[in-house]
Amino acid sequence: MPTVHDWINNPLAVVDGLFAQSNSSPDWEKKVVEYFKEKLKLNDAHTWVPSLNDVPLYYLKPNSLVKFRCMVQDMFDPEFFMGVYETNDLTSNSKVKCGKYKDITVGGQVDFNSRNTVTSERQTFYCVPIPGESQWAKEISFICQARVVPSTSYVPNRHKRSYEEDDEMDTQPQHSAESHGNTEPKRQETEAPSHDSSSAHCTSSLDLNFPLPGEKGPACLVKVYEDWDGFKLNDMLEVFGILSVDPALSVIADEREASSLLDPTEVTETVEEQRVHSPPPSLVPRLHMLYAQPLVHNNPLLPSSAPENNVHESSLATYTDVLGELASVRAELHTYLTHVLMGDSLAAEYLILHLISNVYSRRDVLPLGKFTLNLSGCPHSSPYTEHLYKVIQQLVPSSYRLCMSLHNMNNQRMVPRKDYTANRLVSGTLQLANNTSLFLDETQLEQGQLDATGVRNITALGNLISWQKVDYDFNYHQMEFPCNINVLITSEGRSLLPSDSQVNLRPTLNPPNLEEYLSAVQVAQVPSQFNKYRIYLSGARALNYTISDEITKAVEEDFVEMRKDDPQSMSAEDLHRLLVVARLLSLSHGQNTLSRDGWMKAKQLEALRISRTQQQKSLSGNEP
């Protein structure tokens, strides 16, 4: 069997070996997947596997095992390929070969009339790096995982030669598994980059259909061979698979495009679809999935649910320390956020509750657990909201700041739409992975007229906040995609968007230079302290929560009592908000059940918030 590193450097040898031993038994495919799963579990072996997120494509050995931390942005139609084929050449007899985990057949002329040929089906996902992933999350992931980098003395030369041999390979009797056509349409695909760049890591001039503007990183076509119905659009995955960057794929794509231009009746795909679905592998590599770990979160400081994907030992030690010091870490985070919010401890309390909120369930159409916070009273003229977002960015694994200027509202594509000509899903700003923090900066909204696009964008944001869903545009109909996005709105007055809670900022500090003050507050936090905050926030939102029958009865009695004197003082909606606050307050203290004391603290907190809101209304006189 292969040596320790052969299964990483030459995984196809493992596949072909197990295929050769199979004697046509279908179990060999399961054995391949189990082999690599077991290997990845041993001694942090998954950290030895090079990452497409970190290592430039030209340093990676073709047909080696790599990993990719990504989000499923789009899904192709299923495609046929030759799972088993037979070859003939001048020097040897016919030979039955395995076509799985490959794009190009090898070893001579394929005998298409062979009885041994087996046509199989696979699915293709278009995957992009997790949108809005914070720089700290990327850096820690690379430190913790990318222990082994492929040899730079060998791989770039191999890569360079592959381009030089491009013309030669065109004359070889090879056949692309991708050229066998597609079957029943399922969903969508994405736009491929243009052909005028030779960079393996894509530049901003290439349209890789990233949901967020300014994003960088590789996109990848992930070939899925089993259980593809278990994956959904926008899922976060860490994919382990065999890298395919054969230049012959570009040749095949060019030939198909030329053929369609000469005789459109010969092909079923449009030119636009071919360009989108068959981008150059040097820009959008193919990754043949052996195993994929769904990511519940993308915080590299927390252990994942899978034992083979545990975090680095130093991070695990920090995680354990934070669990043991949860109360003190919460207090330190509250102090830090109080400074950031210029002395407003109540706003800091609600910001913590917002940051650990999470849609834990749905009752009919109602998402339970969401807690959209509107921080009103933010100054318009200063860069305060920009600095506040930088603080949020340092605390959460994924985030995006949307400046709600009139220009952005009227011009930005927020809702993904289906392009039927290119057969792809054109991404939008609101195509985000679960647990992303969306920072809506309403202080940037000036007076003016929203056009039809602006109205649609405002409606989409309202639906996201209220129902935690985005209605993707499929031209003739809309398709509802549920999501789990934390939305924080900063505004001068009350937001024009709905929210679950509004806290009017009331600073007790008035620094002469706001930028210098906020920079000093951030600099005062050492990296190890930030890591504690990051672990605390992700850990608290992952805790389970229950309410005992005894506390449920006490809450019901309290509700009746509060309505006794003035039924208008406490509505069912107010009770729901109070229960959400009580839940988040308990979880923020590491308590997975509501106590009487926790209920009383939640009531006090809400009373302070409501009192402040009413005072602000009376002062402004014209706020809704």
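Scope of the values below: all heavy atoms of this structure, side chains included, with no hydrogens, waters or symmetry mates.
- A donor-acceptor pair under 3.5 Å links the side-chain atoms of S114 to the main chain of N116, judged by distance alone.
- In this structure, V96 and V84 have side chains that are in contact, with non-hydrogen atoms separated by less than 4.5 Å.
- You'll find the side chain of F125 stays beyond 4.5 Å of the side chain of D235, heavy atoms only.
- Between the OG atom of S495 and the CG atom of L440 there is a distance of 7.5 Å, given to the nearest 0.5 Å.
- Under the 4.0 Å criterion applied to side-chain N and carboxylate O atoms, K223 and E79 are assigned as salt-bridge partners.
- Proximity of V72 to V222: side-chain heavy atoms (C-beta onward) are nowhere separated by under 4.5 Å.
- In plain terms, the two heavy atoms of D103 and S244 that are nearest each other are OD2-OG, 2.5 Å.
- Side-chain atoms of E133 do not come within 3.5 Å of backbone N or O of C70 as any donor-acceptor pair.
- Between the R362 side chain and the Y360 main chain, no donor and acceptor come within less than 3.5 Å of each other.
- Side-chain contact check for E272 and T421: no donor-acceptor pair (N or O, by modelled atom type) lies under 3.5 Å.
- By the side-chain hydrogen bond (donor to acceptor under 3.5 Å, both in side chains) test, R417 is found to be paired with no residue, residues two or more places apart in sequence or in another chain being considered.
- When side chains are defined from C-beta on, W467 does not count as touching P482, because their heavy atoms never get closer than 4.5 Å.
- Formation of a donor-acceptor pair under 3.5 Å by the D111 side chain with backbone atoms of N113 is found in this model.
- Side-chain atoms of N411 come within 3.5 Å of backbone N or O of H407 as a donor-acceptor pair.
- Salt bridge D473/R413: absent, no basic N to carboxylate O contact under 4.0 Å.
- Taking 4.5 Å as the limit, some side-chain heavy atom of W228 sits within range of a side-chain heavy atom of E121.
- Nearest heavy atom pair, residue Y225 against residue R122, reads OH-NH1, 2.8 Å.
- A cation-pi arrangement, defined by a distance under 6.0 Å to the six-membered ring centre and an angle within 45 degrees of its axis, is absent between K138 and F142.
- If you check the side chains of S437 and N486, you find no donor sitting under 3.5 Å from an acceptor.
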Could you walk me through whether N434 and N234 pass the side chain to side chain donor-acceptor pair (under 3.5 Å) test, one step at a time? CA-CA 8 Å; N434 282 346; N234 306 329; over 6 Å; no

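- How far CG of L52 is from CG of L243: 6.0 Å, rounded to the nearest 0.5 Å.
- Geometrically, R424 does not engage Y126 in a cation-pi contact defined by less than 6.0 Å to the ring centre and at most 45° from the axis.
- The side-chain heavy atoms of V14 and D6, taken from C-beta on, include no pair separated by under 4.5 Å.
- The minimum heavy-atom distance between I130 and A433, with the atom names listed, is CG2-CB, 4.4 Å.
- Heavy-atom minimum distance, G454 versus N410: CA-OD1, 3.4 Å.
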Could you walk me through whether C127 and V239 pass the side-chain contact (heavy atoms from CB on, under 4.5 Å) test, one step at a time? CA-CA 10 Å; C127 296; V239 179; 5.6 Å; no

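- Between the E215 side chain and the G132 main chain, a donor and an acceptor come within less than 3.5 Å of each other.
- Side chain of N435 to main chain of H297: no donor-acceptor pair is present (N/O by atom type, distance under 3.5 Å, no hydrogens or angles).
- In this structure, F481 and F474 have parallel ring planes: the angle between them is below the 30° cut-off, well short of the 60° mark.
- Separation of atoms CG (D16) and OH (Y101) is listed at 11.5 Å; rounding is to 0.5 Å.
- A distance-only check finds no donor-acceptor pair linking the side chain of D419 to the backbone of V426 [under 3.5 Å].
- At least one side-chain heavy atom of Q444 sits under 4.5 Å from a side-chain heavy atom of R401.
- When the options K37, K39, H46, K67 are evaluated for a side chain to side chain contact (heavy atoms under 4.5 Å, CB included) with Y291, the one that passes is K37.
- Under the 3.5 Å distance criterion, the side-chain polar atoms of T436 are left unmatched by any main-chain donor or acceptor of S398.
- Taking the side chain as every heavy atom from C-beta outward, R286 and P279 approach each other to under 4.5 Å.
- A donor-acceptor contact closer than 3.5 angstrom links the side chains of N423 and D77.
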Could you walk me through whether V32 and L290 pass the side-chain contact (heavy atoms from CB on, under 4.5 Å) check? CA-CA 8 Å; V32 168; L290 288 163; 3.9 Å; yes

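- Counting heavy atoms of neighbouring residues, nucleotides and ligands inside a 6.0 Å radius, atom CD of Q449 does not exceed 12 of them.
- Taking CG of L464 as the reference point, atom SG of C483 lies at 4.5 Å (rounded to 0.5 Å).
- Counted by atom type alone, Y389 and S399 present one or more donor-acceptor pairs between their side chains at under 3.5 Å.
- Closest approach of N457 and N408 over heavy atoms only: ND2-O, 4.3 Å.
- Side-chain contact annotation: S141 with N53, donor-acceptor N/O pair under 3.5 Å absent.
- Of the possible donor and acceptor atoms, none in the side chain of S64 sits under 3.5 Å from a partner among the backbone N and O of N9.
- In terms of heavy-atom proximity, K100 sits nearest to F81 at CA-CE1, 3.9 Å.
- In this structure, K31 places its NZ atom where only 12 or fewer heavy-atom neighbours from other residues, nucleotides or ligands lie under 6.0 Å away.
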